[in-house]
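Working notes, beginning with the structure itself.
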Amino acid sequence: MAGAPELLGASPSRDMERVAGTEDRTSVPATAREDFRVRCTSKQTVMELVELCGRFVRQLGDALPEEIREPALRDAQWTFESAVQENVSINGQAWQEASDDCFRDSDIKELEDRFDEIIVDLATKRKQYPRKILECVIKIIKTKQEILKQYHPVVHPLDLNYDPDPASCVENLKCRGETLAKEISEAMKS
C-alpha cells in the first residue's frame, strides 16, 4: 500500500553499533545517525489517521466533568497531534519539512511510463481501427444489398377494375341498405 506507514525494525544499524562501540564519539555524534521516528510515505494518510484517532481522544473526554472537559479535550488533542508530528517522518523528512503531495518521484515516474504506454497504444489503434471499421462497413453494405436482391414480395397485387357506371353501384347499395334496415327492425321487434 503506497500511502500506509512503513514501520522499520527496532534493531540499530551497523553504523549505530560502530558509533556506540568506538571510544572516539566526538567524530560522529550518535544523535545525527539515530532516527527513531516512524517512517511514512504520505503526510495525507497520517493526517487521516490522526483524525481517526482524534475521535477516540474526544470519546475519552466524555468521562470528564463538564467544567473541565472542553479545555482538557483541546489540550489532549493538541498534545496528541504534536506528539504524532514529532515522532513521524515523511520520506525521511521531518513533519514540517515534508510536502503535502502524496506522490513520490518513483510513483510519478511509474505513472508517466504507464501514460506513455497508453499514448502509444492509442496511436496504433487509431491507425489500425479505421481500416478495420471501413472493412466491416463495406461488408455490412454488401450484405444488405444481397438481402434486398433476394427479397420477393409475398402479397401479389390485385388488378382493380374501375366501374364506369357508378349509378348501378349506388342502386345496389340502396337495395342492400333497405334490406338490412328491415332485418334490423324485425330483430328489434322480436
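Atom set for the values below is all heavy atoms of this structure, side chains included, hydrogens, waters and symmetry mates excluded.
- With hydrogens and angles ignored, the 3.5 Å screen pairs no side-chain donor or acceptor of Lys43 with any backbone N or O of Ile90.
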Assess whether side-chain contact (heavy atoms from CB on, under 4.5 Å) is satisfied between Glu48 and Leu52, documenting all intermediate values. CA-CA 6 Å; Glu48 290 172 4; Leu52 177 69; over 6 Å; no

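- Here the side chain of Arg69 pairs a donor or acceptor atom with the backbone of Gly61 at under 3.5 angstrom.
- Remark: Leu148 CG to Gln145 CD distance equals 8.0 Å, nearest 0.5 Å.
- Atom CG in Leu180 sits 10.5 Å away from atom CG in Leu173 (nearest 0.5 Å).
- When atom types are taken as modelled, the side chain of Arg37 and the backbone of Glu86 share no donor-acceptor pair closer than 3.5 angstrom.
- Within the 4.5 Å cutoff, the side chain of Lys109 has heavy atoms near those of the Asp113 side chain.
- Distance check, rounded to the nearest 0.5 Å: CD of Glu97 to OG of Ser89 gives 10.5 Å.
- The hydrophobic cluster containing Ile119 also includes Phe115, under a criterion of side-chain heavy atoms closer than 4.5 Å among ILVMFWY residues, counted directly or through chains of members.
- With a 4.5 Å cut-off on side-chain heavy atoms, Asp121 and Glu117 do not count as touching.
- Taking 4.0 Å as the cut-off between side-chain N and carboxylate O, Lys182 and Glu186 do not count as a salt-bridged pair.
- Judged purely by atom type and a 3.5 angstrom limit, Asn172 has no side-chain atom pairing as donor or acceptor with the backbone of Ser168.
- Using a 4.5 Å heavy-atom cutoff, the side chains of Asn87 and Val38 are not in contact.
- In this structure, the separation between CH2 on Trp95 and OG on Ser82 is 11.5 Å, given to the nearest 0.5 Å.
- Using a 4.0 Å cut-off between charged side-chain N and carboxylate O, Glu135 and Lys132 make no salt bridge.
- Both Val88 and Met47 belong to a single network of hydrophobic side chains, linked directly or stepwise wherever heavy atoms of I, L, V, M, F, W or Y lie under 4.5 Å apart.
- With contacts defined as side-chain heavy-atom distances shorter than 4.5 Å, the pair Ile133/Pro130 does not qualify.
- The CD1 atom of Ile118 sits 10.0 Å away from atom NZ of Lys125, with the distance rounded to the nearest 0.5 Å.
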Would you check, one step at a time, whether the test side-chain hydrogen bond (donor to acceptor under 3.5 Å, both in side chains) holds for Gln77 with Glu81? CA-CA 6 Å; Gln77 188 74 27; Glu81 289 177 6; 3.1 Å; yes

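- Taking both residues in full, the closest heavy atoms of Leu73 and Val57 are given as CD2-O, 3.5 Å, listed atom of the first, atom of the second, then distance.
- Here the shortest heavy-atom pairing between Thr41 and Asn91 reads CA-OD1, 3.4 Å.
- Nearest heavy-atom pair across Phe80 and Gly54 is CE2-N, 4.4 Å.
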